[in-house]
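Next up is a structure, given as structure tokens.
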Amino acid sequence: MTFDFEAQLRAVPLRVTRPRLAVLAALRDHPHVDTETVISLVRVDHPKVSHQAVYDVLRVLTDAGLVRRIQPAGATARYESRVGDNHHHVVCRSCGAIADVDCTVGHSPCLTASNDDGYVVDEAEVVFWGTCPDCSTDDTPPMNRQSEGSP
């Protein structure tokens, strides 16, 4: 799959800048990462980019719909470039790993509210919690939910 970040930016329309291109590339290659990780990834090729520039780029790209911000209960915000398909997430209670879960049942938004109080529902946000394959074979106890951010 070809990623034409310049075309994506122009389509929304946003100016094409090196920090925006770098953030999009980082999120393509590393989905579900927090802001500090994005900063580290961007600084590999652009060592002088500021923290504030990356924060601003993440906000602008999220507002434009090119990036999705997710924040599972009790965890720091994470970012991904997979947008527009109403997919969900599964989070490991032990290590905090996050994986995508495709919408599996029914029509968009994947779920039907039992009582929508007249709202026109166009999106459902679901987070599944469990233990990832790596942690389910590990003998260490799950991380403390209060201190590590898992519900």
Side-chain angles (χ1 to χ4, degrees), residues 1-105 108-111 121-151:
M1 178 177 209
T2 303
F3 294 94
D4 189 349
F5 299 133
E6 290 184 18
Q8 289 176 351
L9 289 167
R10 287 187 179 109
V12 284
L14 289 173
R15 285 185 317 114
V16 175
T17 65
R18 278 183 264 154
R20 289 175 181 169
L21 294 171
V23 168
L24 286 169
L27 294 176
R28 175 201 57 208
D29 297 338
H30 305 276
H32 311 127
V33 292
D34 62 14
T35 306
E36 291 302 316
T37 302
V38 174
I39 292 167
S40 297
L41 293 166
V42 167
R43 283 185 171 171
V44 169
D45 293 324
H46 306 283
K48 294 184 179 182
V49 72
S50 70
H51 278 75
Q52 191 60 49
V54 173
Y55 278 100
D56 291 346
V57 166
L58 287 168
R59 181 187 48 76
V60 166
L61 295 178
T62 300
D63 290 348
L66 295 178
V67 167
R68 182 175 176 191
R69 180 183 186 271
I70 62 170
Q71 188 165 9
T76 60
R78 306 292 183 99
Y79 296 88
E80 63 182 344
S81 59
R82 182 178 172 185
V83 296
D85 65 353
N86 196 220
H87 70 279
H88 310 297
H89 297 94
V90 60
V91 180
C92 180
R93 290 185 187 280
S94 189
C95 70
I98 300 174
D100 290 333
V101 176
D102 289 328
C103 187
T104 57
V105 180
S108 181
C110 304
L111 302 172
V121 178
D122 61 9
E123 182 177 354
E125 187 171 314
V126 176
V127 177
F128 299 94
W129 293 88
T131 307
C132 72
D134 289 339
C135 292
S136 65
T137 60
D138 191 356
D139 292 332
T140 59
M143 59 184 177
N144 181 323
R145 294 182 194 150
Q146 300 269 333
S147 65
E148 296 296 333
S150 295

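Everything numeric here is computed off the predicted structure, so don't read it as measured data.
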> Can you check side-chain contact (heavy atoms from CB on, under 4.5 Å) on Phe128 and Val101, steps first, answer last?
Replying inline: CA-CA 9 Å; Phe128 299 94; Val101 176; 3.9 Å; yes
> Taking only residues two or more places apart in sequence or in another chain, which ones pass side chain to side chain contact (heavy atoms under 4.5 Å, CB included) with His30?
Replying inline: Val33, Leu41
> Of all residues at least two apart in sequence or in a different chain, which pass the side chain to side chain contact (heavy atoms under 4.5 Å, CB included) check with Ala25?
Replying inline: Phe5, Arg28
>> Looking at Val49, is its backbone amide N or carbonyl O close enough to the side chain of Arg43 to form a donor-acceptor pair, meaning the two atoms are under 3.5 Å apart?
In response: yes
> Under the ring-ring contact (aromatic ring centres under 6.0 Å, His included) rule, what pairs show up with a residue in residues 34-55, not counting sequence neighbours?
Replying inline: none
> Can you name the residues that form a salt bridge (charged side-chain N to carboxylate O under 4.0 Å, His left out) with Asp100, not counting sequence neighbours?
Replying inline: Arg82
> Rounded to the nearest 0.5 Å, what separation is found between the OG atom of Ser81 and the CG atom of Asp29?
Replying inline: 8.5 Å
> Which pair of heavy atoms, one from Ser136 and one from Pro133, lies closest together, and at what distance?
Replying inline: OG-O, 3.0 Å
>> For a quick test of reading the model, state the closest non-hydrogen atom pair linking Val91 to Pro72 and the distance between them.
In response: CG2-CG, 3.9 Å
> Quick one: salt bridge (charged side-chain N to carboxylate O under 4.0 Å, His left out) pairs with a partner in residues 31-40, sequence neighbours left out?
Replying inline: none
>> Could you tell me if Gln52 and Asp56 have a donor-acceptor pair between their side chains, going purely by distance under 3.5 Å?
In response: yes
>> Per the ring-ring contact (aromatic ring centres under 6.0 Å, His included) rule, what does the pair list look like for residues 10-29, sequence neighbours excluded?
In response: none
> Can you name the side chain to side chain contact (heavy atoms under 4.5 Å, CB included) partners of Val67, sequence neighbours left out?
Replying inline: Leu24, Leu27, Leu61, Thr62, Tyr79
> Of all residues at least two apart in sequence or in a different chain, which pass the side chain to side chain contact (heavy atoms under 4.5 Å, CB included) check with Ala97?
Replying inline: Cys92, Cys95
> Of all heavy-atom pairs between Ala64 and Leu14, which one has the smallest distance, and what is that distance?
Replying inline: CB-CD1, 3.9 Å
>> Taking ring-ring contact (aromatic ring centres under 6.0 Å, His included) as the definition, give me every residue that meets it alongside His89, ordered by chain and number, with sequence neighbours left out.
In response: His32, His87
> Could you go step by step and tell me if Ile98 and Ile70 meet the side-chain contact (heavy atoms from CB on, under 4.5 Å) rule?
Replying inline: CA-CA 10 Å; Ile98 300 174; Ile70 62 170; 4.2 Å; yes
>> Is there a side-chain contact between Leu21 and Leu9 in this structure, where contact means two heavy atoms from C-beta onward sitting under 4.5 Å apart?
In response: yes
> Can you list the residues that meet the side chain to side chain donor-acceptor pair (under 3.5 Å) rule with Arg18, with sequence neighbours excluded?
Replying inline: none
>> Under the salt bridge (charged side-chain N to carboxylate O under 4.0 Å, His left out) definition, can you give me all pairs with a residue in residues 58-68, not counting sequence neighbours?
In response: Arg59-Asp63, Arg68-Glu80
> Have Gln71 and Arg69 got a donor and an acceptor in their side chains that come within less than 3.5 Å?
Replying inline: yes
